[in-house]
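Any value given below was found using the heavy atoms of this structure, including those in side chains, with hydrogens, waters and symmetry copies removed. None of these values were measured; they are calculated from a predicted model.
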Amino acid sequence: MSPPERPKRLLFVLRRWARATPVRLGAYAVVTLAATWIALGQAGGMNDFRDAHLLVPYEEVARQTVVEYGQVPFWDPYHCGGMYALGSPQTRFASPTFLFTLLFGARRAEPLLLALFLLLGMEGMYRYARLRSGSALGPALVGPVFGLCGYYAICATLSWVQFFGFLLMPWVAFGTALAARGRLAGAAVVVAGFAVMIGFGGTYPVPLSALLVVLEAGRSLLSRRGRRRWKAGLPVLLAGALLSVGACAFRLWPLVETLGSATRVMAGAPSHGLPEVLRMLFAPAPLPGGDAGTTSILFVGYAILLLGAGAVFSRRAIVPAIAFAVTVWIATGYAYPFSAFGAMRELPLFGTLRYPYRFVLPGTVLLAEVGALGMGMLLWRARRGGRWPQLAATAAVAGVLGWGVQAANFGVLTLRTELVAPPEAIDQPFAQSRGNRWVAGHLLALNRGSLSCGEAYPVPMSRKLRGDLPAEEFILEPGAGTATRTAWSPNRIDVALSLTRDATLVVNQNWHPGWKSDVGEVFSDEGRLAVKVPASAKKVTLWFLPRSGVGGMLVSAWAFAGLVAALWAERVRRGMGPWVGMAGALVALGVGAAVARSWMG
């Protein structure tokens with residue numbers, strides 16, 4: 001083979017491998033294993049970072065509630081004096097990924113989930129970029145550019161596992177692009193993607209992915225081809241939007257209820273100058289040992305610069321390139337006189353987002369798309385001969401080598417994890433303790449709750465809670481009788497009573513309207529859970545069953561049923577699916593309205 005033919009032959013082989021799904025996924029699996037090798041070796045260790053002391057026990061409490069007590073993990077008595085677990089923004093058990101926690105435990109599941117989501121992110125980026133670029137090699141090369149972004153390594157070191165949901169962004173963008181072309185399967189991808197994200201703790205991934213979806217829908221419908229697809233695409237997009245709201249209700253309703261009663265107020269004016277944002281994206285990670293600041297936390301490697309250079313010949317790269325630049329501008333926060341981040345925070349739902357640099361994460365999808373378009377343009381020009389085949393082959397090789405650079409950087413970032421030995425479990429009855437948010441991870445092993453709350457929103461906590469009581473359930477009025485716990489679980493408490501007169505039973509946990517009792521009247525005693533019980537009562541059972549949790553699950557179940565019905569209707573008669581989907585979503589929302597109207601508390 002003559003030297004001029006070698007680049008063409010290499011490009012032919014690479015393009016063939018890129019189109020072969022088993023080969024492509026195999027390559028992604030290898031680079032994922034290389035990137036997560038250090039994290040996998042840390043499986044089971046206890047992360048000593050302060051946030052990990054809250055987030056990991058959230059997941060372990062949910063696992064314990066299911067495995068040991070056979071209950072739905074609605075209530076978490078171990079944190080902040082008792083909190084509505086499904087309504088807490090940072091819990092992540094309401095997702096299919098909870099199966100990993102059930103099988104392996106929260107700590108061992110974390111690196112496995114990291115590897116799974118990285119692989120999903122790479123393949124999702126490939127599929128979306130291929131839909132946008134039309135070729136296979138460019139999208140295959142940029143899959144790891146998006147998937148191995150340094151942010152996910154940082155999340156692994158801090159146990160910010162809920163942010164792995166960002167890796168589903170290309171999937172919802174891919175689904176939106178298909179939906180805009182009139183394909184109901186695309187709407188199904190969007191619905192499933194948002195449902196997983198919000199169940200996984202999607203306070204950032206969901207709204208930022210929604211921005212990407214709006215951009216993709218606009219691009220698809222307003223393009224030259226898209227304007228001819230309005231009749232087919234718009235109903236599918238509307239059906240997808242309605243079904244997504246319904247499918248997310250199982251978590252969305254509890255979150256709205258919780259944050260509505262305790263608004264998250266974010267003060268301050270975060271700022272990052274443009275040089276700092278560029279260091280986040282392109283500077284390599286220094287070895288652990290010093291304060292690296294924000295360097296490399298969004299690292300996307302260097303190959304994307306070479307691949308993206310080819311996009312100067314592509315008009316299709318203009319929109320994603322501009323959109324990426326806008327995300328970088330937003331990431332600067334309040335660093336410059338006019339703040340795009342400040343403007344974004346005026347929008348509903350975005351006012352609680354306090355870290356501007358995270359807006360670059362949807363931008364990495366757009367940057368990867370630009371790289372895929374650039375590679376596609378180089379391949380197109382390579383047909384002309386000359387030096388173009390050599391340039392295209394050089395860019396392709398650089399793209400593959402870039403995977404190694406990103407994987408190595410990913411590993412260096414995960415070395416920052418601070419591990420300590422997990423505590424030994426002590427079998428004793430549950431009780432509250434004063435606690436300490438910095439070492440809260442040790443309390444669950446002691447079967448102790450923490451009254452030192454470290455949540456990111458103001459959890460409604462009673463000031464009357466105590467960490468030194470002789471009993472967690474007691475009679476408030478002196479001399480009115482005694483209360484003895486007979487059974488305890490996170491969602492249910494059984495108490496035996498011996499009363500001389502009507503009295504008040506107090507439980508040393510926070511009150512919530514979801515608490516019910518088989519005897520007397522449940523009420524809030526200055527924020528504590530309390531029950532007015534008659535003198536004749538011999539025992540009382542309290543259980544937690546929140547309206548928003550049950551109602552949200554019913555709405556989501558109806559929405560998914562509507563989605564299935566829509567897909568079936570589309571097969572029977574093309575064009576009927578979107579309307580059946582919209583009808584199903586409206587029925588689901590009607591179910592929610594009926595529950596909200598008829599169920600008090």
Side-chain angles (χ1 to χ4, degrees), residues 11 14-15 18-19 124-143 145-146 169-170 172-183 186 211-230 232-234 237 281-282 300-330 340 359-360 362-396 398-399 402:
L11 290 173
L14 290 176
R15 293 170 76 174
R19 287 192 296 268
M125 189 65 242
Y126 165 80
R127 291 177 181 270
Y128 174 62
R130 180 159 192 189
L131 197 67
R132 273 289 170 195
S133 68
S135 66
L137 181 55
L141 292 173
V142 301
V145 170
F146 166 76
M169 286 189 298
V172 295
F174 171 70
T176 303
L178 291 180
R181 301 181 184 195
R183 295 175 59 180
L211 291 178
L212 195 61
V213 164
V214 171
L215 174 64
E216 179 57 41
R219 292 171 65 190
S220 297
L221 292 178
L222 297 177
S223 66
R224 186 176 301 176
R225 291 182 179 180
R227 287 193 292 269
R228 297 195 296 267
R229 299 178 180 145
W230 273 67
L234 194 57
L237 288 170
L281 284 163
F282 301 111
V300 292
Y302 316 118
I304 189 64
L305 299 176
L306 180 59
L307 294 173
V312 297
F313 303 107
S314 174
R315 287 183 297 177
R316 287 189 291 177
I318 295 175
V319 171
I322 293 175
F324 169 71
V326 170
T327 66
V328 171
W329 177 25
I330 297 173
F359 279 81
V360 177
T364 58
V365 177
L366 302 165
L367 179 62
E369 180 190 345
V370 171
L373 290 169
M375 187 68 223
M377 185 57 64
L378 291 176
L379 291 173
W380 181 76
R381 288 183 171 256
R383 298 175 182 175
R384 302 180 180 180
R387 300 190 65 85
W388 287 108
Q390 186 175 356
L391 288 173
T394 301

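- Across every non-hydrogen atom of Leu212 and Ala173, the tightest pair is CD2-CB, 4.1 Å.
- Between Leu211 and Thr327 there is no side-chain heavy-atom pair separated by less than 4.5 Å.
- The nearest pair of heavy atoms linking Ala396 to Leu11 is CB-CD2, 4.3 Å.
- For the atom pair Arg127 CZ and Leu131 CG, the distance stands at 10.5 Å (nearest 0.5 Å).
- Taking each heavy atom of Val360 and Val328 in turn, the nearest pair found is CG2-CA, 4.3 Å.
- Distance check: Thr176 OG1 to Tyr128 OH gives 8.5 Å after rounding to the nearest 0.5 Å.
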For Ser135 and Arg19: C-alpha separation, side-chain torsions, deciding distance, then whether side-chain contact (heavy atoms from CB on, under 4.5 Å) applies.
CA-CA 9 Å; Ser135 66; Arg19 287 192 296 268; over 6 Å; no
Distance-only donor-acceptor hits, side chain of residues 363-382, under 3.5 Å, sequence neighbours excluded:
| residue | atom | partner | partner atom | Å |
| --- | --- | --- | --- | --- |
| Thr364 | OG1 | Leu361 | O | 2.5 |
| Glu369 | OE1 | Arg219 | NH1 | 3.2 |
| Glu369 | OE2 | Arg219 | NH2 | 2.7 |

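- Between Ala180 and Ser220 the shortest heavy-atom distance is CB-CB, 3.3 Å.
- Not a single side chain to side chain donor-acceptor pair (under 3.5 Å) links Arg183 to another residue, sequence neighbours left out.
- Of all non-hydrogen atoms in Ser133 and Pro139, the two that sit nearest each other are OG-CG, 3.3 Å.
- To the nearest 0.5 angstrom, Arg181 atom CZ is 12.0 Å from Leu237 atom CG.
- Closest of all the heavy-atom pairs between Phe282 and Tyr302 is O-CE2, 3.0 Å.
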